[in-house]
2 protein chains.
Amino acid sequence: MKKKTTIYDIAAKLGLTAATVSRALNNNPKISINTRKLVLETALEMNYEQNKLALALKSGKSYNVGVIVPRIDSNFFSSVIRGIEEELYPKGYHVIICQTHNQENIENEKINSLVNVQVDGILMSISNANLEENKGFNKLLKNKKTPLVFFDRKKDIKGISSVTINDFKGGYEATKHLLDQGCKRIAHLSNDRNFEIFRNRYLGYKQALSDNGIDFDESLVIETQSNVLDGRRAARLLLDMETPPDAIFSSSDFAALGAIQEIKESGLNIPEDICVVGFSNEPFTRFMELTTITTVDQFPLEMGRTAAQVFLEEVSNTGDIKITKNVVLTPQLIIRKSSLKHKEG
Amino acid sequence: MKKKTTIYDIAAKLGLTAATVSRALNNNPKISINTRKLVLETALEMNYEQNKLALALKSGKSYNVGVIVPRIDSNFFSSVIRGIEEELYPKGYHVIICQTHNQENIENEKINSLVNVQVDGILMSISNANLEENKGFNKLLKNKKTPLVFFDRKKDIKGISSVTINDFKGGYEATKHLLDQGCKRIAHLSNDRNFEIFRNRYLGYKQALSDNGIDFDESLVIETQSNVLDGRRAARLLLDMETPPDAIFSSSDFAALGAIQEIKESGLNIPEDICVVGFSNEPFTRFMELTTITTVDQFPLEMGRTAAQVFLEEVSNTGDIKITKNVVLTPQLIIRKSSLKHKEG
DNA sequence: TAATCAATTGTAATCGATTGCATATTAATC
DNA sequence: GATTAATATGCAATCGATTACAATTGATTA
């Protein structure tokens with residue numbers, strides 16, 4: 001277990017100074033060609049590798065970025081992370097993963113922890129709709145040293161960049177599609193609308209209804225968690241109504257799946273009796289045997305890549321004026337069997 | 001954007017030395033109670049936070065661990081990573097993610113890169129069956145400074161710990177279950193058997209056949225990639241045989257799904273005509289509407305947690321003799337509709 | 001009263017690389 | 001041949017925290 005060689009070792013071997021070695025390795029023009037060559041050869045020979053920790057301490061840059069997500073084991077988030085990693089690794093950055101489990105206190109703690117290990121930036125999808133009340137987060141905001149980029153679940157905060165999809169449009173088009181299928185009574189499985197993404201999907205839904213002369217009926221909107229079981233519960237509520245809906249637009253694929261299960265078990269047919277549209281394009285929506293699920297693709301890979309790019313721009317921006325970028329990707333409605341009564345014109 | 005306060009700032013404010021402040025903060029018993037109290041209060045007041053980079057440089061410990069996987073956006077790997085993160089974060093570690101895309105050169109590079117940023121350990125699922133021929137990997141092995149733990153896709157290398165499931169048993173039980181269903185001609189969608197996991201599933205399959213008096217038929221084993229399309233291709237080959245199989249045990253859920261699609265499209269019924277069993281318990285296997293897929297659960301969360309624990313043991317082991325631990329988790333066959341012709345006795 | 005000891009705190013080196021400011025050497029110029 | 005300029009290298013501080021090894025202080029003891 002021999003120690004790693006340092007520039008001092010190289011310097012000693014060549015009768016030089018660490019300073020000279022350092023400059024030679026960094027292609028400083030002040031170093032003579034001979035010395036440079038000698039140093040480079042010796043470095044190779046001695047298996048020299050730059051100590052990044054020393055560099056980090058000196059420069060204040062760790063070349064690590066933190067990524068905070070509610071959880072990593074969902075296709076959406078792991079795909080975003082994949083995109084981030086693919087974009088940042090070639091630039092020399094490593095990606096540190098943190099999960100919040102949707103708990104505000106954990107999110108708080110992880111933000112602190114990441115700042116504490118001197119990450120060069122934080123990319124996050126928030127778990128706390130009231131992030132501004134969060135101490136760790138506020139410290140991060142004030143000190144402004146660590147670039148912050150929101151993706152997907154963002155907060156509209158001045159000076160903070162974000163990458164999202166146009167959730168309004170996603171909600172609008174999903175609803176419009178259902179209307180085009182002849183549906184008149186469209187329910188919506190929403191989620192906590194303190195989060196922009198869910199509020200916007202909801203608003204898109206409402207707008208589509210209004211644009212097409214359908215009265216908004218609040219009783220058709222049910223707040224639903226993003227999981228199969230709660231989707232079932234919501235569907236049950238809807239089916240038990242005096243006049244059940246003829247379509248459901250769910251802000252979550254998982255809830256949509258639960259709804260589909262509940263609907264089928266009650267003997268109704270999809271899409272004939274009830275059309276269903278989900279959100280996120282989770283893999284299983286494509287794999288369904290009978291009723292592949294219509295859903296909205298959020299392009300998570302691209303979202304991750306873009307968030308990484310925005311981060312890179314921010315760190316490379318040395319000027320005084322900070323550029324805030326709010327990128328909005330366009331979602332894509334993917335029409336499948338769960339909502340397709342007949343070919344659209 | 002004020003600078004972060006250091007122990008020197010605290011020292012200056014109190015007319016002390018950085019050494020004293022450091023000791024006070026670290027509860028060194030040589031510091032008087034008064035001084036300690038004073039230092040702690042001032043530290044709090046000045047929002048002092050320990051600079052981990054400086055600490056890392058001094059101590060040689062970065063409190064980062066690297067995790068290398070083929071890809072992160074599959075449920076299996078993201079679940080393992082989730083387990084790792086949950087286990088390590090409370091101990092002060094951060095998890096750095098690297099993807100190889102199953103490419104050997106990238107794997108090589110990422111190993112080097114992680115060692116270079118001084119991670120305290122590497123947990124990995126290999127992408128290269130001939131890892132020993134890998135330069136970066138060998139360096140890692142020789143120098144022995146950075147603990148290495150394999151999970152799932154491991155290599156049997158002396159001195160290297162690993163956490164896997166008993167793939168042999170998984171393959172055996174899957175096959176035995178098919179035999180119990182009355183299947184006589186069981187095909188196997190294998191994968192590159194240079195990887196232990198695939199070889200062992202294959203061997204378990206063979207053993208179950210042999211134990212039950214069924215002759216092994218090599219033509220029923222088809223090397224298949226872990227994706228839907230290749231599963232279709234493999235199924236097509238099998239269906240086109242003179243005597244097609246009456247069951248398929250796939251070493252991948254994705255290939256199993258492809259096979260199911262192909263079988264159904266050719267007008268055959270599952271499980272009546274052909275039983276199918278997958279491997280991994282990917283979410284979609286449970287979500288299938290008609291034919292939920294029988295599969296083998298690998299307990300990825302637990303695998304991740306265990307791998308993390310093994311790593312923690314290795315770093316805390318300061319003795320000279322290195323303890324190598326090879327944990328083998330027990331897989332669980334999850335019987336669903338794709339293979340259940342009738343209740344098992 | 002001088003010697004000894006314990007309790008605190010300070011000094012300075014260390015981890016490894018970078019960099020502004022000398023300095024030394026050589027070459028070019030008058 | 002003396003002066004200037006250019007080139008190459010060294011010196012030493014810095015990033016922030018830790019830690020052997022002094023050094024100081026006051027108290028205790030012979």
Side-chain angles (χ1 to χ4, degrees), chain A residues 1-40 42-43 46-64 92 115-120 145-146, chain B residues 1-40 42-43 46-64 92 115-120 145-146:
Chain A
M1 200 212 290
K2 51 189 185 284
K3 280 205 205 73
K4 297 186 76 171
T5 56
T6 71
I7 51 172
Y8 291 90
D9 300 327
I10 300 177
K13 182 155 187 178
L14 295 176
L16 291 171
T17 315
T20 307
V21 174
S22 169
R23 282 189 268 252
L25 291 171
N26 289 292
N27 284 318
N28 186 309
K30 299 205 157 189
I31 297 297
S32 74
I33 307 174
N34 288 332
T35 311
R36 187 199 318 287
K37 209 178 131 210
L38 209 58
V39 168
L40 289 176
T42 315
M46 298 177 78
N47 282 314
Y48 169 75
E49 276 178 351
Q50 191 188 44
N51 184 321
K52 305 276 185 187
L53 291 180
L55 187 61
L57 174 60
K58 188 69 173 71
S59 68
K61 282 200 70 173
S62 67
Y63 273 97
N64 283 145
V115 172
N116 197 221
V117 298
Q118 247 109 328
V119 289
D120 293 346
K145 237 181 51 186
T146 313
Chain B
M1 199 211 290
K2 53 189 182 285
K3 281 206 204 71
K4 295 186 77 170
T5 57
T6 71
I7 51 172
Y8 292 91
D9 301 328
I10 300 177
K13 181 155 188 178
L14 295 176
L16 290 171
T17 315
T20 307
V21 174
S22 170
R23 281 190 270 253
L25 291 171
N26 289 291
N27 283 318
N28 186 310
K30 299 201 157 190
I31 296 297
S32 74
I33 307 173
N34 287 332
T35 311
R36 187 196 319 287
K37 210 177 131 212
L38 209 57
V39 168
L40 290 176
T42 314
M46 299 177 78
N47 282 315
Y48 169 75
E49 277 179 352
Q50 192 188 44
N51 184 322
K52 305 274 184 188
L53 291 179
L55 187 61
L57 175 60
K58 189 72 174 67
S59 67
K61 283 201 70 173
S62 67
Y63 273 96
N64 283 145
V115 172
N116 198 221
V117 299
Q118 248 109 328
V119 290
D120 294 346
K145 238 181 51 187
T146 313

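Every chain is numbered from 1 and lettered A, B, ... according to where its sequence line falls, protein lines coming before strand lines. Predicted, not measured: the structure shown is a model, and the values here were computed from it.
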| task | Check salt bridge (charged side-chain N to carboxylate O under 4.0 Å, His left out) between B/Lys37 and all other residues, then give those that pass, not counting sequence neighbours. | result |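 Expected list: none.
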_Angle of first-five versus last-five pair axes in the helix from C/dT1-D/dA30 to C/dC30-D/dG1, to 10 degrees_ =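 End axes: 70° apart.
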Is there a side-chain contact between B/Thr146 and B/Asp120 (heavy atoms, below 4.5 Å)?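 No. Closest side-chain heavy atoms not under 4.5 Å.
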Check: Which of residues 48-59 of chain B have a heavy atom under 4.0 Å from DNA chain D?
Finding: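 Residues of residues 48-59 of chain B that come under 4.0 Å of DNA chain D are, in numerical order, B/Tyr48, B/Glu49, B/Gln50, B/Asn51, B/Ala54, B/Leu55, B/Lys58.
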Specify the residues of residues 32-39 of chain A, ordered by number, for which at least one heavy atom lies under 4.0 angstrom from an atom of DNA chain D.
->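 Contacts with DNA chain D under 4.0 Å: A/Ser32, A/Thr35.
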- request: Would you indicate what A/Leu16 reaches in the nucleic acid, counting non-hydrogen atoms under 4.0 angstrom: base, sugar-phosphate, or nothing?
  value: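 A/Leu16: backbone/sugar contact only, no base atoms under 4.0 Å.
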Regarding B/Thr17, tell me which of base, sugar-phosphate or nothing describes its non-hydrogen contacts under 4.0 Å with the strands shown.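 The residue B/Thr17 makes base contact.
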Going by the salt bridge (charged side-chain N to carboxylate O under 4.0 Å, His left out) test, which pairs reach into [range], not counting sequence neighbours?
| range | answer |
| --- | --- |
| residues 22-34 of chain B | none |
| residues 8-18 of chain B | B/Lys13-B/Glu45 |
| residues 46-59 of chain A | A/Lys4-A/Glu49, A/Glu49-B/Lys139 |

Q: For A/Thr17, enumerate each residue passing the side chain to side chain donor-acceptor pair (under 3.5 Å) test, keeping only those at least two apart in sequence or located in another chain.
A: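 A/Thr17: no side chain to side chain donor-acceptor pair (under 3.5 Å) contacts found.
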### Message
Could you work out, with side chain to side chain donor-acceptor pair (under 3.5 Å) as the rule, every residue matching B/Ser32, not counting sequence neighbours?
### Response
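B/Thr35.
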For this session: Not counting sequence neighbours, which residues clear ring pair (Phe, Tyr, Trp, His ring centres under 6.0 Å) with B/Tyr48? List them please.
Result: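 Scan of B/Tyr48 (ring pair (Phe, Tyr, Trp, His ring centres under 6.0 Å), adjacent residues dropped) gives none.
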Is any side-chain nitrogen or oxygen of A/Asn26 closer than 4.0 Å to OP1 or OP2 of C/dA17?
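Answer no for this pair, as no side-chain N or O of A/Asn26 is under 4.0 Å from OP1 or OP2.
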For nucleotides 22-27 of chain C, 5' to 3', base contacts (B), sugar-phosphate-only contacts (S) and non-contacts (-) with protein non-hydrogen atoms under 4.0 Å give ------
Could you list where the contact with chain A starts and ends along DNA chain D, reading 5' to 3', using a 4.0 Å heavy-atom cut-off?
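Using the under 4.0 Å cut-off, the span is D/dA8 to D/dG16.
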